[in-house]
Number of protein chains: 2
Amino acid sequence: MSNPRSAKTKKRTRIQQENEVKILNGALEVFSQHGFRGSTVDQIAEISGMSKPNLLYYFNSKEAMIRALLDQLLDKWLDPLRKIDPHGEPLFEIQSYVRRKLEMSRDFPRESRLFANEILQGAPRVQDELRDLKELVDEKAEVINSWIKNGKLAKCDPYHLIFSIWATTQHYADFDVQVKTVLGPGHSGPGRFEDAARFLDQLYVDGLKP
Amino acid sequence: MSNPRSAKTKKRTRIQQENEVKILNGALEVFSQHGFRGSTVDQIAEISGMSKPNLLYYFNSKEAMIRALLDQLLDKWLDPLRKIDPHGEPLFEIQSYVRRKLEMSRDFPRESRLFANEILQGAPRVQDELRDLKELVDEKAEVINSWIKNGKLAKCDPYHLIFSIWATTQHYADFDVQVKTVLGPGHSGPGRFEDAARFLDQLYVDGLKP
DNA sequence: TGTAATATTTACCAGACGGTAAAAAATTGC
DNA sequence: GCAATTTTTTACCGTCTGGTAAATATTACA
């Protein structure tokens, strides 16, 4: 068999597991920085510390690498949304969701950028997963609507609420360079995530009215 | 002279002007969809309706094309921020700014994606312009701080406020596919921008507290 | 209308890149 | 320790792509 991943091999060697991790980590590093077309297999090979043919022994193609990455990513990416508790205190649930998404941007910026790249180019590889996403969002939108109906939340469009949370939180990972440049050396340290959290907490609860 | 743009030619032929426009329009279309490395000069040539060598007669290189695009873009991109009036009514000024940015996403999604691509990959071509951006943001942050001091606006971090406006508004252009998929055929028409405007108006003024 | 300048086409190249074949080396399981 | 399997290396190939040279066609202008 030419490739250990091609069949549903139940047994995976120790070396296989290690190398697959090394490769996917390298691929994530490179893809998230240069995009798919902007990345070369040689780059990934070098950053992973192995030769190109060796790398292609584990993943049949460059395409196979990004697919593996996107597959394992999307599940993780939806987790914060799944955790919204329909029986929790609405405003607290939303703040918690914002926090979780902000932590994702802080702790997994490469994953965020990989995803952003994919969506920016029209999501050619994750259209099916996007439909799963829609179902989950529909479900949570219903929850939010019920909160509104119960007078626990101001009347608003739950979809655009969710979009705004995605946008504001992912911004810190995807537009990191811009954020750092604008904040300058003084305020662009790790503390910027707490500043962001504080601002968003206030925005989503009270808005800007004095 | 091999290239009409290379020198500071005062006189630009009718044909030059027309073709430069055609090329830049094609380049924007292609770059914004596939990113710089993901685009080929042949693609741009085809979409512009001319041959590759002919195209390279007007722009010396692929690099020259994206630079021309980014140059003419950045000025336009900052315009909405410049228009914030320090002597206006604070909440109204912010709402207006959100509107203007939202209109940019609606009317110039390709430009938004081009910019997003550039920043995502670490802004290799617009670092200088990013510093100009910082100065403008610093200036407007001061304005916002003065509004807060005068009790016209809730206390908040003006930088993160601006970030959140950028994020929420550009999201509709940059993540268009995702937005459309999640909203479904029913709500993803042009009217989604008005829905977004309504939501953001409310969010920025009153928040979500019932 | 003639001619200098501009614009377009044809044919091409060198390098980068994704991927492969096959042999050599290392590892595993008995 | 040895055979079977897995892993790694060496050498290579076809294609795509950015870009060029030079010849041809077109335009502008006196």
Side-chain angles (χ1 to χ4, degrees), chain A residues 1-24 26-27 29-31 33-69 121 124-125, chain B residues 1-31 33-69 121 124-125:
Chain A
M1 191 154 301
S2 76
N3 187 298
R5 287 182 65 89
S6 57
K8 295 186 179 178
T9 31
K10 306 281 174 181
K11 296 208 170 189
R12 304 253 292 277
T13 313
R14 185 200 88 239
I15 296 179
Q16 265 176 50
Q17 291 183 19
E18 288 175 4
N19 281 347
E20 280 172 15
V21 169
K22 273 205 298 185
I23 292 169
L24 285 182
E29 184 72 28
V30 176
F31 283 146
Q33 203 160 51
H34 308 286
F36 181 71
R37 290 286 307 269
S39 306
T40 70
V41 179
D42 285 285
Q43 276 179 302
I44 302 174
E46 187 176 8
I47 216 175
S48 307
M50 39 203 312
S51 69
K52 179 170 69 172
N54 196 187
L55 188 147
L56 286 164
Y57 168 69
Y58 290 99
F59 293 87
N60 292 337
S61 65
K62 192 181 166 186
E63 183 73 29
M65 298 177 212
I66 204 172
R67 292 217 105 95
L69 280 174
Q121 330 243 311
R125 285 170 258 264
Chain B
M1 195 154 299
S2 76
N3 188 298
R5 286 182 67 88
S6 56
K8 294 187 179 177
T9 32
K10 306 281 174 182
K11 295 207 170 188
R12 304 254 293 278
T13 313
R14 185 200 92 238
I15 297 179
Q16 265 176 49
Q17 290 183 20
E18 288 176 5
N19 281 346
E20 281 173 13
V21 169
K22 274 204 299 183
I23 292 170
L24 284 182
N25 185 56
L28 176 59
E29 184 72 28
V30 176
F31 283 146
Q33 203 161 52
H34 304 104
F36 180 72
R37 290 286 306 268
S39 307
T40 69
V41 178
D42 286 286
Q43 276 179 302
I44 302 173
E46 188 176 8
I47 217 175
S48 308
M50 39 202 315
S51 68
K52 180 170 68 171
N54 196 187
L55 188 146
L56 287 164
Y57 168 70
Y58 291 98
F59 293 86
N60 292 335
S61 65
K62 192 181 167 187
E63 184 71 28
M65 297 177 211
I66 202 172
R67 294 217 103 96
L69 280 174
Q121 329 242 313
R125 285 171 258 265

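In what follows, chains are A, B, ... by sequence order, proteins preceding strands, each numbered from 1.
- Relative to the side chain of B:Leu56, the nucleotides D:dG18, D:dG19, C:dA7 differ in distance, and D:dG19 lies closest.
- Distance, A:Phe36 CZ to C:dG18 C1': 10 Å, rounded to whole Å.
- Place A:Asn54 and B:Val41 on DNA chain D by their nearest nucleotides, and A:Asn54 ends up nearer the 5' end.
- One atom, CD of A:Gln16, and another, P of C:dT28, lie 12 Å apart when rounded to the nearest Å.
- Counting to the nearest Å, the P atom of D:dA25 and the CE atom of B:Met50 are 18 Å from each other.
- Between B:Glu29 and B:Asn25, the closest side-chain pair of non-hydrogen atoms is not below 4.5 Å.
- Closest to the A:Tyr57 side chain, of the nucleotides D:dT20, D:dT8, C:dT20, is D:dT8.
- In this entry the distance linking CD of B:Glu46 with P of C:dT8 reads 18 Å, nearest Å.
- Proximity note for B:Lys62 (side chain, C-beta onward) versus C:dT6, D:dG19, C:dT8: the nearest is D:dG19.
- A:Glu46 CD: 12 or fewer foreign heavy atoms inside a 6.0 Å radius.
- Between the CE atom of A:Met65 and the C1' atom of C:dC17 there is a distance of 12 Å, rounded to whole Å.
- Atom pair B:Phe31:CZ and D:dG18:C1' shows a separation of 12 Å (rounding to whole Å applied).
- Put simply, CD1 on B:Ile15 is 10 Å from C1' on C:dT8, counting in whole angstrom units.
- Using a 4.5 Å heavy-atom threshold, the side chains of A:Leu24 and A:Phe31 count as separate.
- Across all strands, A:Thr40 comes closer than 4.0 Å only to sugar-phosphate atoms, never to a base (heavy-atom distances).
- With C:dT8, D:dG18, D:dT7 as the choices, the nucleotide that has an atom nearest any side-chain atom of B:Lys52 turns out to be D:dG18.
- A 4.5 Å side-chain heavy-atom check between A:Lys22 and A:Asn19 finds at least one atom pair inside the cut-off.
- For C:dG18, neither phosphate oxygen OP1 nor OP2 lies less than 4.0 angstrom from any side-chain nitrogen or oxygen of A:Asn60.
- Atom pair B:Glu63:CD and D:dG19:P shows a separation of 9 Å (rounding to whole Å applied).
- Looking at heavy atoms from C-beta onward, A:Gln121 lies out of side-chain contact with A:Phe36 at the 4.5 angstrom threshold.
- Where A:Leu55 and A:Arg37 meet DNA chain D, the nucleotide closest to each residue was compared, and A:Leu55 sits on the side nearer the 5' end.
- For A:Pro53, whose side chain is taken as the heavy atoms from C-beta onward, the closest listed nucleotide among C:dT8, D:dT7, D:dT9 is D:dT9.
- Phosphate proximity of D:dT9 to A:Ser51: present, with a side-chain N or O under 4.0 Å from OP1 or OP2.
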